[in-house]
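See structure below.
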2 protein chains.
Amino acid sequence: MTRKSEDVGRSTIRDVAARAGVSASTVSRVLGGVYPVSAATRTRVMRAVREMDYVADARAKAVAGVATPTLAFVLEDITGPSFALMAHGVEREATRLGHLCLVCSTEGDVRHELEFVEMMRAQRAAAVILVGGAADTAEYRDRTRRMADSLASAGSRLVLCGRPTLGPGAPVTVIEYDNEGGAYALVAHVLAQGHRRVLFLGGKPDHTTAQGRERGYLAAHRARGLEPDPALLRHGDFTRDAGHRLMRGALKEGLDFTAVVAATDMVAAGALTALHEAGLSVPDDVSLAGYDDIPFARDLHPALTTVHVPYEELGRLAVRTALGRTSETPDEHLLLGTHVVVRDSVAAVGESGARA
Amino acid sequence: MTRKSEDVGRSTIRDVAARAGVSASTVSRVLGGVYPVSAATRTRVMRAVREMDYVADARAKAVAGVATPTLAFVLEDITGPSFALMAHGVEREATRLGHLCLVCSTEGDVRHELEFVEMMRAQRAAAVILVGGAADTAEYRDRTRRMADSLASAGSRLVLCGRPTLGPGAPVTVIEYDNEGGAYALVAHVLAQGHRRVLFLGGKPDHTTAQGRERGYLAAHRARGLEPDPALLRHGDFTRDAGHRLMRGALKEGLDFTAVVAATDMVAAGALTALHEAGLSVPDDVSLAGYDDIPFARDLHPALTTVHVPYEELGRLAVRTALGRTSETPDEHLLLGTHVVVRDSVAAVGESGARA
DNA sequence: CTCCGCTCGGGAACCGGTTTCCATCCATGT
DNA sequence: ACATGGATGGAAACCGGTTCCCGAGCGGAG
């Protein structure tokens, strides 16, 4: 069992050098491109490289100072349409900028997230992007702050994409979208159709995205001098199943409402199905609106009125600002705007609107 | 501008050693865990590590022979629900097995794909997983074969996930699902409902996934002694928009059909919307079926009858077989089964069924 | 009281590259 | 013919780790 070059095929630069009859330095110079090498030598080296199908080990290059820049992104579950959109934006922009992309799904497990960030620090990633909402607890701030500091001290950068901001002074880039504003505009639109009892299917109470959207819901009511019935606020996950369950529950209770605003298109999809199952027609019997404008929103029936969030753009922007930084740049906090897109699922409250 | 340790925080193992008053070898041993080190020394070292927030450079470790195993996956667009599902399976299983995950979207660009595979070879990835269908041309086989060989010679492994097989002898692991069988079962179900003119909304003619599903469509007809009208076969992308466009076209032509089978749930979603727009009711006026069973299929209205494909399982299986290999293991080719899931979008052909 | 062996930790070689420094070689200028 | 200098390419140091090899102390057995 020799450890010669033919072992399994992974040949080193010295193997190539030997075959070309030159030194390793010369091979490196030929491959590097810039250093003057005679045409004859270059040809010989290139032939050897081709014959051995040699590719320099990127890790070794990195140690020697010629690193492949790498960027990491962490999300809860790539399967969620809005996460997928962000991920897509991140990935596209990163590879456009010549970066490799490492990805990690945490499945909502914080320990997993911490572990992964630690690995990224070891990998000397240029930036770590955390995408997707989170609960804004003291523990969250503390933990995230610690990640930011430790990444910063390793010359890397933490980016929060659609996540709660940290306190001032944290070495972090934050790109958010306007949850409250979008929800405000959406609910204002629903109220303008004459609806007065609007059921809100929200997310986890401590989740900042959910909170922002709920604030918008309330603010839109108050701007009209309305105070929504607390019984109209329901909370669950940002999933299709939660929407389905919540809607079914409300229907079974005989809750009185003429419109439903879901905190998420996924939630809206589940709610819509529950409505259909109950024999209700949207928007004739009840109006329904979502949030996110995931690609599927158009193909629900009726097409879902919702709030468009530029998720992909968000991801791209995150990468761009994270990478285009010097240590002098101030920490950034960008807030992207949203707008409501009116489709067919919200109608004026009709005479048939009153349900018991 | 000194290059001392305080430069930007990235401290080396020797910095830690100096601070702890030991040698670099000792620090390495403490961190490594197994080698006997006295409790006192260990404590001193650990304190230094903590104080300096030191993390060993993973690239350097890799060069020294202690690599973080890495696996790469390549797909066209993470935004597609079935790709996302596969990606999720791959990612989960990989991290479960302690591997880092590199990801790349090719946007359908073959050059991009080749470049990326080359980078992965340089990164010494344990395996490269290509997910998602492709056109099965000679050029494809050739190119893919070359990738497989070059990865194999670098001690790494190519995995095809839902992609056309290569010729025998290629160092490749292939995990596929049964397109023909699934389509056969689905179309048989539709025919059993009495439909005789079934519109097929297929994919690109050279795309193997599309071909398999189309073969199933034809075979199901022939098994009943039927020969489908060629006018009922339409081809486009596997996208929502293609489905929408194709359906609109067929409707405008006044094509005669009582059921539609789409090659993809996405296509079915677009078709469904086009049907609704034309004032047609599903399944009362026309039946509709999809393929893939993406999570959203349930929330279409009516809920979509479709073929379930275990995408996530596919991804998991791909990494498991790719990683659990020795050089002795024979090349594998696994074919996963599918089954049709009956929901509400296909009904028996009614008296109202005949459309002009 | 030796001698032996075990525990612990330092020095140096090595992993696979890059880059600095230096020795040649060859072509010019005079 | 001889000094000069640019073009080449080799040897060696270095990047940040790991691990082999070995010597120094220490405790217990004879």
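As the structure is a computational prediction, the values presented were derived from the model and not from experiment. So you know, we letter chains A, B, ... as the sequences are listed, proteins then strands, and number each from 1.
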- N/O donor-acceptor pair under 3.5 Å between B/R44 side chain and B/A20 backbone: yes
- Message: Any side-chain to backbone donor/acceptor pair from B/T43 onto B/A39? Under 3.5 Å, distance only.
- Response: yes
d([atom1], [X]; [atom2], [N]) in whole Å:
| X | N | atom1 | atom2 | value |
| --- | --- | --- | --- | --- |
| B/R10 | D/dG17 | CZ | P | 12 Å |
| B/R59 | C/dG17 | CZ | P | 15 Å |
| B/K61 | C/dG16 | NZ | P | 18 Å |
| A/D57 | C/dG17 | CG | C1' | 8 Å |
| B/Q123 | C/dG16 | CD | P | 16 Å |

- Item | N or O in side chain of B/Y54 less than 4.0 angstrom from D/dG17 OP1/OP2 | yes
- Task: Under 4.0 Å between any heavy atoms, over every strand shown, what does A/V63 touch: base, sugar-phosphate, or nothing? Just pick one.
- Result: base
- Message: Just to be sure I understand the rule, does B/R14 reach a base, reach only the sugar-phosphate, or reach nothing, if contact means heavy atoms closer than 4.0 Å?
- Response: base
- Task: Indicate yes or no: at least one non-hydrogen side-chain atom of A/D142 is less than 4.5 angstrom from one of A/R145.
- Result: no
- Listed partners of B/E176 passing side-chain hydrogen bond (donor to acceptor under 3.5 Å, both in side chains), at least two apart: B/H333
Using atom names, set out every protein N or O paired with an N or O of nucleotides 7-9 of chain D below 3.5 Å, distance rounded to 0.1 Å.
from	atom 1	to	atom 2	distance (Å)
D/dG9	OP1	A/S38	OG	3.3
D/dG9	OP1	A/T41	OG1	2.4
D/dG9	OP2	A/S38	N	3.3
D/dG9	OP2	A/T41	OG1	3.3
D/dG9	N7	A/Y35	OH	3.3
D/dG9	O6	A/Y35	OH	2.8

- Task: With axes from five pairs an end, tell me the bend angle of the helix from C/dC1-D/dG30 to C/dT30-D/dA1, nearest 10°.
- Result: 50°
All side chain to side chain contact (heavy atoms under 4.5 Å, CB included) counterparts of [X], not counting sequence neighbours:
| X | value |
| --- | --- |
| A/S82 | A/D292, A/Y311 |
| B/D109 | B/R111, B/H112 |
| A/R14 | A/T12, A/A24 |
| A/L31 | A/V27, A/M46, A/V49, A/Y54 |

- Query: Which nucleotide sits closest to the side chain of A/V66: D/dG17, D/dT19, C/dT19?
  - Reply: C/dT19
- Taking D/dG10, D/dG16, C/dG17 as options, the one with an atom nearest any side-chain atom of B/R124 is C/dG17
Anything under 3.5 Å between a protein N or O and an N or O of nucleotides 23-28 of chain D, put it in a table, one pair a line.
none

Compile the donor-acceptor pairs under 3.5 Å between side chains in residues 124-134 of chain A and protein atoms, sequence neighbours left out, one pair per line.
from	atom 1	to	atom 2	distance (Å)
A/R124	NH1	A/R121	O	2.8
A/R124	NH2	B/V55	O	3.1

- Task: Tell me yes or no: between the side chains of B/T173 and B/R157, is some donor less than 3.5 Å from an acceptor?
- Result: yes
- Pair B/S38-B/T41, side-chain donor/acceptor within less than 3.5 Å: yes
- Query: When you match B/S25 and A/G65 each to their closest nucleotide on DNA chain C, which lands nearer the 5' end?
  - Reply: B/S25
Name each donor-acceptor pair under 3.5 Å that joins a side chain in residues 60-67 of chain B to protein atoms two or more places apart or in another chain, with its distance.
none

Report all interatomic pairs (protein N or O, nucleotide N or O of nucleotides 25-28 of chain C) with separations under 3.5 Å.
none

- Item | Note: B/R96-A/E107 ion pair, threshold 4.0 Å (strictly below) | no
- Who are the salt bridge (charged side-chain N to carboxylate O under 4.0 Å, His left out) partners of A/E91, not counting sequence neighbours? none
